[in-house]
> 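My questions all concern the structure below.
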Amino acid sequence: MPAPRARRILVTSALPYANGHIHLGHLVEYIQTDIFVRFQKLRGHRAVYLCADDTHGTAIMIRARAEGRSERELVASMREAHLADFAGFEVEFDHYGSTDSDANRRLCGEVWRALRARGLVTSRDVRQLFDPVAGVFLADRFVRGGCPKCGASDQYGDSCERCGATYGPADLVDPRSTLSGATPEVRSAEHLFVTIEALHDFLDHWTREAGALDPRVANYLAGHFLGEPLRDWDVSRPAPYFGFEIPDAPGHYWYVWFDAPVGYLAATDEWCAQHGESFDTWWRRAAAADAPAEIHHFIGKDITYFHTLFWPAMLEAAGLALPTKVRIHGFLTVDGQKMSKSRGTFLLARTYLDHLDPAALRYYYASKLSGGIDDIDLNLEEFAAKVNADLVGKVVNLASRTARWLEHTGLAADYPDDGGLFARAAGEGAEIAAAYEACDFARAMRTIMLAADRANAYVDAEQPWRLAKAGTGSAARLRDVATVALNLFRQLAVYLAPVLPRLAAQAGELVGGPIASWEESQAPLVGAAVGPFVPLMQRVEPKQIEAMLAASRESAAATPSGGTAVEADIGPPNTDSGAPLAAEPLAPTCTIDDFSRVDLRVARILSAEEVPEARKLLKLTVGLGGDSTRTVFAGIKGFHDPAALVGRLVVVVANLAPRQMKFGLSEGMVVAASGAGAEGVYLLSPDAGALPGMRLH
RNA sequence: GGCAGCGUAGCUCAGUUGGUUAGAGCACCGGCUUCAUAAGCCGGGUGUCGCCGGUUCAAGUCCGGCCGCUGCUACCA
């Protein structure tokens with residue numbers, strides 16, 4: 001197989017929004033991209049993986065406000081969390097930037113000037129609802145009110161969930177801002193637009209002819225957007241807005257979807273500065289003309305048109321290089337359904353890492369990703385079965401069952417006759433590589449596992465354990481058989497290295513040294529030392545999955561219903577606001593004896609129901625283990641869905657004197673955090689492993 | 001409400017431009033093996049290819065209709 005000429009490949013994943021944590025749905029894309037990049041590097045190409053946090057927009061502004069800190073504080077703490085999650089899953093960026101950077105501001109300005117220079121920017125007034133208390137313009141989903149048709153209350157600003165009528169937010173009966181509760185006003189504001197219709201011919205041609213898009217996507221675009229004149233793209237938002245003010249239009253800010261893709265350019269620019277590279281040779285057409293770089297964008301299907309219409313239009317207008325490939329993937333379901341907080345299947349990256357091996361998810365995703373735009377399903381039962389059968393049972397087991405016989409002797413000096421097994425799998429390298437190149441990782445995994453099956457069958461047929469018992473007369477034969485098996489194992493590790501970098505590294509430690517090139521799959525090792533075998537990968541146990549789901553359910557239940565999830569633990573401790581403590585100063589000092597009079601216990605919520613007549617009470621039955629249960633009224637109605645509470649562990653004051661309430665006798669108290677004028681009541685949960693009845697000391 | 005995609009074995013999926021008796025893994029059953037992380041190997045049922053109709057010598061595959069599911073969208077592209 002001739003060594004392919006080295007390519008320069010710039011690869012991006014969509015920029016995660018700084019409004020929330022990374023979850024398993026996000027990871028489909030980052031793992032997919034990471035596998036692709038690692039594959040290209042293994043093949044000897046110059047691949048650069050770039051990404052950044054997407055930091056601007058109304059949602060960030062509102063969330064920061066709710067948390068009582070600045071947008072930049074929010075963005076900075078979320079960045080740390082994102083990077084930690086990616087590192088945990090072995091997603092390895094060459095550079096990770098931010099759209100809130102100097103480079104991005106400068107490059108936005110450059111693209112903007114190009115659009116202006118080509119006469120593609122116009123302006124006109126847009127009428128929109130405005131929240132006079134919060135001081136911001138409101139998207140439809142931030143407005144609720146009565147349906148003008150059927151009168152149903154508390155409907156969104158665009159359509160009625162009860163009768164299905166559609167209307168504008170201004171038509172609502174008694175409209176309210178969901179931010180402040182204020183009655184919104186209709187206001188008019190100037191917006192700036194890009195007239196991308198002027199680039200219609202270019203887009204027609206690029207979407208169909210450039211080879212960057214799957215024909216299905218090109219057809220979709222042709223049928224839905226390019227079949228008629230393109231509407232102007234609204235690219236500005238009036239103040240207040242967290243983002244970059246437009247230099248030649250004071251009071252106007254670039255819409256987040258304008259500066260987000262420019263973040264790809266900014267990340268490239270920063271990476272170039274750090275590595276002595278020239279930005280121009282990656283992105284400027286003139287400079288790159290003789291040896292153009294490839295540009296691959298990995299995105300979810302939801303943001304297709306931003307990356308296939310607006311983004312190429314911006315690049316075209318600015319004279320920058322166009323994407324070589326826009327690779328679009330589908331969404332993740334868990335056990336066949338949309339991820340759900342109450343089912344515990346809204347799985348954050350961190351929650352997964354607390355319980356399971358990232359390699360297991362990387363392999364599972366690889367086995368499901370075929371390069372298409374179909375959604376993929378994380379079936380948790382299949383997940384465990386597949387990882388255990390394929391990785392532990394077949395691949396790792398191959399080394400586990402043969403390495404011990406070579407620990408003292410190392411590999412045989414000549415590669416033995418293996419019936420053509422190694423050569424056959426080496427010959428399949430081109431097919432496996434083609435599948436990786438096409439992002440059809442599922443096909444690659446199938447082909448690799450067939451080779452693993454053949455390798456195990458070989459071991460079974462040669463029965464090295466019998467050779468071991470047969471004594472010194474069979475020692476040479478035993479060494480040959482184990483040499484074959486270990487070579488086949490290392491060959492599999494090379495093929496799997498893009499998916500399982502840690503396994504590849506461990507395989508290198510066992511025999512042959514670090515795996516640095518795909519070519520290592522093509523020739524067997526001989527005479528090399530063999531290290532002591534250490535377990536390479538643990539089985540996925542059902543208990544771990546259950547624990548992860550339980551933890552996920554509990555953290556979801558702790559999130560106030562309605563509104564954005566607001567996690568308090570996303571940043572370094574010293575960035576927390578002092579407001580809650582100031583609002584409720586510490587109580588007078590008490591002694592340990594004082595404290596010990598309060599008997600706090602872990603309890604499990606056995607049932608939860610609304611108390612219809614009560615404004616804030618839920619009626620809970622909690623269990624302290626065994627037959628010990630009691631009824632507790634908790635003032636958490638409206639913040640917790642009763643159904644979601646059942647089963648979770650909480651902390652109760654177990655020796656509190658019973659109190660006769662209007663709705664019944666309350667035999668204790670569930671402790672929860674609240675205060676500082678902030679809304680929300682937050683139940684406490686013990687770490688996994690705590691049992692009902694345990695006392696807090 | 002708008003748009004798109006999907007529907008093949010119990011589960012997750014392959015099925016290339018229409019072409020023999022429709023495939024894989026898991027699960028399940030039987031047997032073998034015991035070196036290995038209760039791992040491995042061999043054999044075996046696995047099926048109205050969502051429903052109805054059409055084109056064709058030939059339809060899982062192409063066309064139309066229907067049903068079901070899913071996703072995106074709803075500051076409109």
> My understanding is that a pair needs two contacts under 3.5 Å, Watson-Crick or G-U wobble. By that rule, which nucleotide pairs with B:rU34?
none
> How close or far is atom P of B:rC11 from atom CG of A:Leu380, stated in whole angstroms?
17 Å
> Would you mind reading off the distance between A:Leu391 atom CG and B:rA39 atom C1', rounded to a whole angstrom?
13 Å
> I'd like the C1' distance from B:rU55 over to B:rU73, given in whole Å.
36 Å
> Mind checking if A:Asp390 touches a base, just sugar-phosphate, or nothing, with heavy atoms under 4.0 Å?
nothing
> Counting the atoms with a prime plus P, OP1 and OP2 as sugar-phosphate, which does A:Lys386 contact under 4.0 Å by heavy atoms, base, sugar-phosphate, or nothing?
nothing
> Find the partner of B:rG43: check Watson-Crick (N1-N3 plus N6-O4 or O6-N4) and G-U wobble (N1-O2, O6-N3) distances, both under 3.5 Å, and reply none if neither fits.
B:rC29
> Taking any strand in view, what nucleotide pairs with B:rG7 in a Watson-Crick or G-U wobble way, both distances under 3.5 Å?
B:rC67
> When rounded to the nearest Å, what value does the distance between C1' atoms of B:rG30 and B:rC67 take?
41 Å
> So does A:Arg187 pair up with A:Glu185, basic N to acidic O under 4.0 Å?
yes
> Would the A:His56 and A:Phe244 ring centres measure less than 6.0 Å apart?
yes
> Looking at A:Lys394 and A:Asp390, is there a salt bridge between them, counting it only when a charged N and a carboxylate O are closer than 4.0 Å?
yes
> For B:rC63 and B:rG23, measure between their C1' atoms and round to the nearest Å.
27 Å
> Can you check whether A:Phe441 and A:Tyr436 have ring centres sitting under 6.0 Å from each other?
yes
> Select one nucleotide: of B:rC26, B:rC35, B:rU37, the one nearest the side-chain heavy atoms of A:Val392.
B:rU37
> Give none if B:rC49 has no partner; otherwise give the nucleotide forming a Watson-Crick or G-U wobble pair with it, both distances under 3.5 Å.
none
> Do the side-chain N and O atoms of A:Arg443 and A:Ser370 include a donor-acceptor pair separated by under 3.5 angstrom?
no
> Can you tell me how far P of B:rG23 sits from CE of A:Met449, to the nearest Å?
24 Å
> Could you pull out the closest heavy-atom pair between A:Trp254 and A:Asp259, with the gap in Å?
O-OD2, 4.1 Å
> If you look at every strand shown and take non-hydrogen atoms under 4.0 Å, does A:Met537 touch a base, only sugar-phosphate, or nothing?
base
> Distance check needed: B:rG71 P versus A:His329 NE2, whole Å only.
16 Å
> Write down the distance between CG (A:Leu221) and C1' (B:rG5), rounded to a whole number of angstrom.
15 Å
> Name every residue in residues 460-481 of chain A that has at least one heavy atom under 4.0 Å from any atom of RNA chain B, in order of residue number, or write none if there are no such residues.
A:Asp460, A:Trp465, A:Arg466, A:Lys469
> Between B:rC52 and B:rG7, how far apart are the two C1' atoms, rounded to whole Å?
16 Å
> Is there a donor-acceptor pair under 3.5 Å between the side chain of A:Asn397 and the backbone N or O of A:Ser400?
no
> Taking only the C1' atom of each, what is the distance from B:rC6 to B:rC49 in whole angstrom?
14 Å
> Quick one: closest heavy-atom pair of A:Pro323 and A:Trp206, and the distance?
O-CZ2, 3.7 Å
> If the cut-off is 4.0 Å, is A:Arg539 near the phosphate of B:rA39, judged by side-chain N/O to OP1 or OP2?
yes
> Please determine, for B:rG23, whether a Watson-Crick or G-U wobble partner exists with both distances under 3.5 Å, and give it or none.
B:rC13
> Between A:Tyr458 (OH) and B:rC42 (C1'), how many Å, whole number?
19 Å
> Applying a 3.5 Å limit to both distances, which nucleotide forms a Watson-Crick or G-U wobble pair with B:rG1?
B:rU73
> Looking at the side chain of A:Phe533, which of B:rG71, B:rC75, B:rU37 is the nearest nucleotide?
B:rU37
> 5'-most contact on RNA chain B: A:Asn456 or A:Glu382, nearest heavy atom basis?
A:Glu382
> Can you figure out which of B:rA14, B:rC13, B:rC41 approaches the side chain of A:Arg443 most closely?
B:rA14
> With RNA chain B as reference, determine whether A:Ala457 or A:Arg404 sits nearer its 5' end, using the nearest nucleotide of each.
A:Arg404
> Over 60° means perpendicular and under 30° means parallel, so tell me whether A:Tyr264 and A:His307 are parallel, tilted or perpendicular.
tilted
> Quickly work out the A:Ile376 CD1 to B:rC69 P distance and round it to whole Å.
23 Å
> Quantified in whole Å, what is the P atom distance between nucleotide B:rU17 and nucleotide B:rU33?
47 Å
> Can you check the distance between B:rU21 and B:rC28, where both ends of the measurement are the C1' atom (answer in whole Å)?
24 Å
> Under 4.0 Å, counting only non-hydrogen atoms across every strand here, what does A:Leu536 touch: a base, just sugar-phosphate, or nothing?
base
> Expressed in angstrom and rounded to an integer, what is the separation of A:Asn379 atom CG from B:rC13 atom C1'?
11 Å
> NA contact type, A:Val396, heavy-atom cut-off 4.0 Å: base, sugar-phosphate, or nothing?
base
> Go ahead and name the base partner of B:rU61; Watson-Crick or wobble counts if both distances stay under 3.5 Å, otherwise write none.
none
> Look at the side chain of A:Val459 and decide which nucleotide, out of B:rC35, B:rU37, B:rG25, has an atom nearest to it.
B:rC35
> Quick check: A:Trp233 with A:Tyr255 (ring centres under 6.0 Å apart)?
no
> Taking the C1' atom of each, how far is B:rC51 from B:rG45, in whole Å?
27 Å
> Is A:Asn397 touching bases, backbone alone, or none of the nucleic acid, heavy atoms closer than 4.0 Å?
base
